[in-house]
Amino acid sequence: MRVADLPLAPEHVEHFEREGIEELYPPQAAAVEAGVCDGDNVVAAVPTASGKTFVAELALLTADGPGLYVCPLRALAREKFEEFDRLPGVDAGISTGDYDSAASELAGNDIVVATSEKVDSAIRNGAGWVDDLACVVVDEVHLLGAAGRGPTLEVTLATLRRRTPAVQIVALSATVDNPEDIADWLDAELVESTWRPVDLRVGVHAADAVEFDDGTTLSVPVDADDPSTDADTEVTAALVRGAVEDGGQALAFVSSRREAEALAERLRDERLADAVDTADSTSDAASVAEELREAGGTETGSRLAEAADRGVAFHHAGLSSDQRALVERAFRERRLAVICATPTLAAGVNVPARRVVVRDQQRYTGEGTEWLPVLEVHQMCGRAGRPHLDPYGEAVLVADDEDGREALWNRYVTADPERVESKLRDRAALRTHTLALVATGFAGSQAAVLDALSGTFYASRTANPDLGGAVGDAIASLIDDGMLEAGEGKAKGSAGGNGGTGDTGSGIEATDLGAQVSRQYVTPETGVRIVERLEAVAGMNDADVTELTAFEVICDTPDMVDTYLGNAERAEIYQFARAHSAELTTGMTDAEDFEGWLESVKTARILSEWVDGASVEELVAAYRIGPGDLESRIERAEWLLGAAEALADVVGVSMPTLSSARAKL
DNA sequence: ACCCGTGGGCTTTAGACAGCATGTC
DNA sequence: CTAAAGCCCACGGGT
């Protein structure tokens with residue numbers, strides 16, 4: 001099937017041909033046959049890099065009206081937005097937490113790119129553009145199975161479909177075990193394929209050799225004399241070196257940030273860049289280092305630049321978003337030979353390499369170490385092989401010995417990925433979405449909430465959903481928390497009467513507090529915590545209510561990210577809390593979860609030093625966090641302080657430091 | 001006096017979505 | 001309260 005044969009405008013055909021797309025890949029052709037261009041619902045479960053974006057573009061361009069592209073990451077949203085915006089005659093918009101087109105523009109855009117949470121939020125806040133959609137493309141739809149975010153995605157899609165029943169849904173999924181269940185839910189045709197534009201072989205290394213799934217082997221002699229690193233690291237280094245000496249690029253996945261940095265530093269010392277330097281890439285690597293130095297002068301940054309100078313980089317969430325974007329771009333432009341990364345890179349933006357080495361396959365979880373999900377390892381391996389640049393891709397899992405080889409082989413090479421299961425039946429998820437449904441006026445009774453949830457993936461997967469009890473509990477707890485109250489149903493607004501007729505208990509509505517919590521997009525639990533703290537503030541001396549107080553109000557909530565509190569620091573933070581106890585809403589003895597509270601005091605302290613003018617470098621050094629960690633805390637603090645201000649207004653507490661602190665962030 | 005290897009105890013452990021309002025020729 | 005692995009440091013043996 002050729003692009004020219006598709007029902008596209010000539011200018012679009014031209015555009016794609018200019019980009020080198022003339023003949024459709026088999027999965028793309030299958031998607032067209034399934035009706036992507038005819039307004040039909042389609043679920044495509046295909047590997048990454050098999051041309052999913054083009055399928056999305058087909059759906060969006062042939063739809064009879066505005067389209068929405070939903071994806072899980074802001075960086076991904078940016079990437080897609082830029083791509084769609086290049087389409088001739090297409091006016092694209094973007095809406096994510098950190099980057100937003102004007103609301104007035106979104107309504108006029110042909111294609112809007114947004115994160116799933118942003119779509120949910122737009123619905124909650126009554127944004128007009130969500131009602132005129134003709135087509136919704138959902139990328140990475142398998143995230144339906146993710147504990148925190150999956151429920152948001154399924155409720156949002158259910159709501160969109162209910163509001164606009166004729167909307168076309170095109171869902172793109174990684175290869176999972178039960179894509180038919182997703183297709184079944186969406187009344188969609190399923191397209192399944194394992195086809196890739198570049199051959200990929202996956203293997204396991206043990207005992208000096210890799211055995212690949214295509215039957216080939218690769219001998220990897222390792223001089224085990226060097227006691228400074230362990231055997232797995234030796235093997236990883238040798239595999240990376242091999243790929244680079246062969247003129248390719250490599251990605252190495254390890255389990256922790258420290259490991260990623262240590263591996264990068266080790267490879268840097270091997271002077272791999274000399275090997276990769278066929279042309280003028282020395283200057284390329286140096287230019288990357290230069291750009292990284294300009295991006296910010298933290299200690300992490302200079303170590304990163306030092307490694308980049310030799311063609312090697314590390315990558316994890318401790319890096320600032322600038323640093324991460326720079327590393328990703330430089331690697332795509334082949335100005336870097338190697339990235340040593342934590343699992344972040346597996347799910348992020350497109351960073352393909354000739355060879356992928358997965359050194360660590362386990363991860364700490366808080367309940368011991370756990371095997372990485374098969375899907376995640378597959379996504380790491382799937383990064384191997386660049387179309388048009390590599391003759392093939394190779395992914396190698398590193399095992400300790402022959403037993404380990406067999407274990408990894410069975411677990412990851414021959415095994416199917418996990419099933420996608422709904423996580424909607426979770427107390428916190430149901431509280432959040434029940435509140436949102438009621439607050440938006442979408443449901444005014446328990447029965448109506450259940451009805452709204454009947455269009456979810458959860459409901460389609462369960463013969464007898466029986467959410468009644470769980471939703472009932474959610475409603476009861478939300479009433480306890482002052483977010484919901486018994487309403488008067490249809491008689492709402494009629495003055496007089498005591499409200500309670502025969503329908504008592506069946507009608508519910510959101511209180512002002514509940515409505516504000518839903519609109520601010522904080523979880524009900526965060527709303528409760530903030531209100532408790534605000535009430536404590538009301539009883540404090542005005543002089544004691546400082547910006548530190550403001551930060552404490554928002555830091556001990558589930559929506560703020562935890563900050564690790566090391567043993568060495570604990571005593572010092574304790575001292576700090578004692579010294580500032582007058583400014584804190586929680587007494588040293590009243591915290592229910594003292595450890596958790598102390599961690600939030602640490603976060604509050606970091607933020608308050610930040611607004612007092614401390615530099616990124618100082619804070620990063622003093623609190624042993626990465627620049628990216630500081631960035632994310634500042635970002636969340638900005639959001640949560642705004643939410644706290646709105647809630648303070650509702651409960652009638654005046655707290656000026658909330659806004660003064662926010663202004664200084 | 002110095003170097004190196006060993007062993008035990010201590011320390012640490014991936015990631016990342018969201019509000020709102022506003023400006024200009 | 002779970003598990004694995006790196007890091008630091010003290011110790012001991014050899015030169």
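What you see is a predicted model; the values in this text were computed from it and never measured. Chain identifiers are assigned alphabetically (A, B, ...) following the order of the sequence lines, protein sequences preceding nucleic acid strands; residue numbering begins at 1 within each chain.
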Please tell me which of E645(A) and G318(A) maps to the more 5' nucleotide of DNA chain B, matching each residue to the nucleotide holding its nearest heavy atom.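 Checking each residue's closest nucleotide, the 5'-ward one belongs to G318(A).
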For E376(A) and for Q520(A), find the nucleotide of DNA chain B with the closest heavy atom, then tell me which residue's nucleotide is more 5'.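 Its nearest nucleotide being more 5', the pick is E376(A).
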Where the side chain of [X] is defined as all heavy atoms beyond and including C-beta, which of [options] is the nearest nucleotide?
X: T344(A); options: dG15(B), dG6(C), dA3(C); result: dG15(B)
X: Y521(A); options: dG19(B), dA16(B), dA14(B); result: dG19(B)
X: T369(A); options: dC17(B), dG6(C), dA4(C); result: dA4(C)
X: S121(A); options: dC7(C), dA18(B), dA3(C); result: dA18(B)
X: R519(A); options: dT12(B), dC20(B), dG19(B); result: dC20(B)
X: E638(A); options: dG19(B), dT2(C), dT11(B); result: dG19(B)
X: R662(A); options: dG19(B), dA18(B), dA16(B); result: dG19(B)
X: V561(A); options: dT11(B), dC20(B), dA16(B); result: dA16(B)
X: T342(A); options: dG15(B), dA18(B), dA3(C); result: dG15(B)

Would you tell me if any nitrogen or oxygen in the side chain of [X] comes within less than 4.0 Å of OP1 or OP2 on [N]?
X: T115(A); N: dA18(B); answer: yes
X: R257(A); N: dG15(B); answer: yes
X: S116(A); N: dC17(B); answer: no

Within 45° of the axis and under 6.0 Å from the centre of the six-membered ring of F576(A), does NZ or CZ of R605(A) qualify?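 Yes, a cation-pi geometry.
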Kindly say whether [Y] contributes a backbone atom to a donor-acceptor pair with the side chain of [X] at under 3.5 angstrom?
X: R332(A); Y: N350(A); answer: yes
X: R405(A); Y: D400(A); answer: no
X: S116(A); Y: L153(A); answer: no

For [X], which contact category applies under a 4.0 Å heavy-atom criterion: base, sugar-phosphate, or nothing?
X: A643(A); result: nothing
X: R624(A); result: sugar-phosphate
X: G148(A); result: nothing
X: V522(A); result: nothing
X: Q362(A); result: nothing
X: N125(A); result: sugar-phosphate
X: L640(A); result: nothing
X: T96(A); result: sugar-phosphate
X: S255(A); result: sugar-phosphate
X: R74(A); result: sugar-phosphate
X: S632(A); result: nothing

H315(A) and side-chain contact (heavy atoms from CB on, under 4.5 Å): which single residue from L251(A), T342(A), I339(A), L304(A) fits?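 The option that passes is I339(A).
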What is the distance, to the nearest angstrom, from the [atom1] atom on [X] to the [atom2] atom on [N]?
X: L106(A); N: dG19(B); atom1: CG; atom2: C1'; result: 15 Å
X: I625(A); N: dT13(B); atom1: CD1; atom2: P; result: 12 Å
X: R324(A); N: dG15(B); atom1: CZ; atom2: P; result: 8 Å
X: R570(A); N: dC10(B); atom1: CZ; atom2: P; result: 14 Å
X: E635(A); N: dA18(B); atom1: CD; atom2: P; result: 8 Å
X: D100(A); N: dT22(B); atom1: CG; atom2: C1'; result: 12 Å
X: L143(A); N: dA16(B); atom1: CG; atom2: P; result: 12 Å
X: D360(A); N: dA5(C); atom1: CG; atom2: C1'; result: 10 Å

Can you tell me the pairing partner of [N] across any strand shown, Watson-Crick or G-U wobble, with both distances under 3.5 angstrom?
N: dA10(C); result: dT6(B)
N: dC25(B); result: none
N: dC17(B); result: none

Taking the side chain as everything from C-beta on, heavy atoms only, tell me whether R636(A) gets closer than 4.5 Å to M560(A).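 The answer is yes; the side chains approach within 4.5 Å.
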K423(A)/E154(A) ion pair, N-O < 4.0 Å: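 No, K423(A) and E154(A) are not salt-bridged.
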Parallel, tilted or perpendicular, as decided by the 30° and 60° cut-offs, for the rings of H316(A) and F314(A):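 If you compare the ring of F314(A) with that of H316(A), the planes turn out parallel.
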Please give the distance between the P atoms of dA5(C) and dA14(B) as a whole number of Å.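 Taking atom P in both dA5(C) and dA14(B), they lie 15 Å apart.
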Under 5.5 Å between ring centres and under 30° between planes: does that hold for W639(A) against the base of dA18(B)?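 One would call W639(A) stacked on the dA18(B) base.
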